[in-house]
S.K.: 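The structure that follows is given in the form of structure tokens.
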Amino acid sequence: MKDIKFIVIIFSLLLLPNLVKADSNISLKNYLDKNNIEDGSTQIYLLSRCSAVYAYASGIILKSDAVSSKNFIEISNNLLFKSVELMVIEKEEKLEDAQRKVEEIRKELFNNYILEGKKNWEKNKSHFKGSYIESDMTICSKLTEEK
């Protein structure tokens with residue numbers, strides 16, 4: 001039984017980054033247009049992706065605006081926590097497993113934002129403007145608006 005569990009975990013870890021990478025090359029809007037927002041997996045991905053884009057934005061503005069950078073990282077961590085919480089509820093994952101998985105997803109998404117931001121900087125000297133990162137930030141800002 002332990003061998004089967006181990007194989008499933010290894011397979012999941014090998015497959016998960018490829019799924020995340022495929023989805024991250026499209027805008028969040030396109031992803032949401034193609035997926036059911038009521039689905040727990042879609043919500044977990046949305047929260048993880050928003051967490052990653054806020055972490056990316058935090059790093060970009062750190063030197064120029066430390067206060068906003070700190071606020072962005074707090075938002076990022078809150079979104080990450082909500083993603084973990086939803087994974088525990090929806091997927092019935094153990095807390096530690098959910099935390100590990102969501103952190104891995106965010107790290108992969110964060111790295112993708114770094115690569116895309118660098119490409120965009122080379123094109124138009126902006127990390128955000130004119131790219132799907134800008135669009136993702138707009139969507140995620142609506143998700144985090146105070147009601």
S.K.: Per the ring-ring contact (aromatic ring centres under 6.0 Å, His included) rule, what does the pair list look like for residues 84-106, sequence neighbours excluded?
M.R.: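 Non-adjacent pairs meeting ring-ring contact (aromatic ring centres under 6.0 Å, His included): zero.
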
S.K.: Any carboxylate oxygen within less than 4.0 angstrom of a Lys/Arg side-chain nitrogen, looking at Glu74 and Lys70?
M.R.: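 Counted as a salt bridge, because a side-chain N and a carboxylate O are separated by less than 4.0 Å.
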
S.K.: Checking Asp97 side chain against Glu93 main chain: does a donor-acceptor pair fall under 3.5 Å?
M.R.: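 Side chain of Asp97 to backbone of Glu93, a donor-acceptor pair under 3.5 Å: no, none is there.
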
S.K.: Check for a donor-acceptor pair, side chain of Thr144 on one end and backbone N or O of Ser141 on the other, with a separation under 3.5 Å.
M.R.: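 At least one qualifying donor-acceptor pair exists.
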
S.K.: Going by the rule ring pair (Phe, Tyr, Trp, His ring centres under 6.0 Å), which residues pair with Phe110 if we only count those two or more places apart in sequence or in a different chain?
M.R.: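 Phe110 satisfies ring pair (Phe, Tyr, Trp, His ring centres under 6.0 Å) with no residue once adjacent residues are dropped.
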
S.K.: Spell out, as yes or no, whether a donor-acceptor pair under 3.5 Å connects the side chain of Asn35 to the backbone of Thr42.
M.R.: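 No; judged by distance alone, with no hydrogens or angles, the pair does not exist.
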
S.K.: Which value, rounded to the nearest 0.5 Å, describes the distance between Ser41 atom OG and Asn36 atom CG?
M.R.: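 Between atom OG of Ser41 and atom CG of Asn36 there are 10.5 Å.
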
S.K.: Can you tell me which residue pairs pass the disulfide bond (SG atoms under 2.5 Å apart) test with a partner in residues 79-127, sequence neighbours excluded?
M.R.: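 Every candidate disulfide bond (SG atoms under 2.5 Å apart) pair involving residues 79-127 fails, so no pair, neighbours aside, qualifies.
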
S.K.: Looking only at atom types and distance, does a side-chain atom of Glu134 sit under 3.5 Å from a main-chain N or O of Gly130, one as donor and one as acceptor?
M.R.: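 Checking the backbone N and O of Gly130 against the side chain of Glu134, a donor-acceptor pair under 3.5 Å is found.
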
S.K.: Could you tell me which residues satisfy side chain to side chain donor-acceptor pair (under 3.5 Å) with Ser131, sequence neighbours excluded, listed by chain and number?
M.R.: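 Residues passing side chain to side chain donor-acceptor pair (under 3.5 Å) with Ser131: none at all.
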
S.K.: Check whether any side-chain N or O of Ser83 sits under 3.5 Å from a backbone N or O of Leu79 as a donor-acceptor pair, and report yes or no.
M.R.: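 Such a contact is absent between Ser83 side chain and Leu79 backbone.
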
S.K.: Quick one: which residue pairs count as a disulfide bond (SG atoms under 2.5 Å apart) with a foot in residues 31-89, not counting sequence neighbours?
M.R.: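 The answer is Cys50-Cys140.
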
S.K.: Is a side-chain N or O of Gln43 found less than 3.5 angstrom from the main chain of Ile37, in a donor-acceptor match?
M.R.: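 Checked: pair present.
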
S.K.: Which pairs pass ring-ring contact (aromatic ring centres under 6.0 Å, His included) with one or both residues in residues 57-89, sequence neighbours excluded?
M.R.: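 ring-ring contact (aromatic ring centres under 6.0 Å, His included) check on residues 57-89 returns Tyr54-Phe72.
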
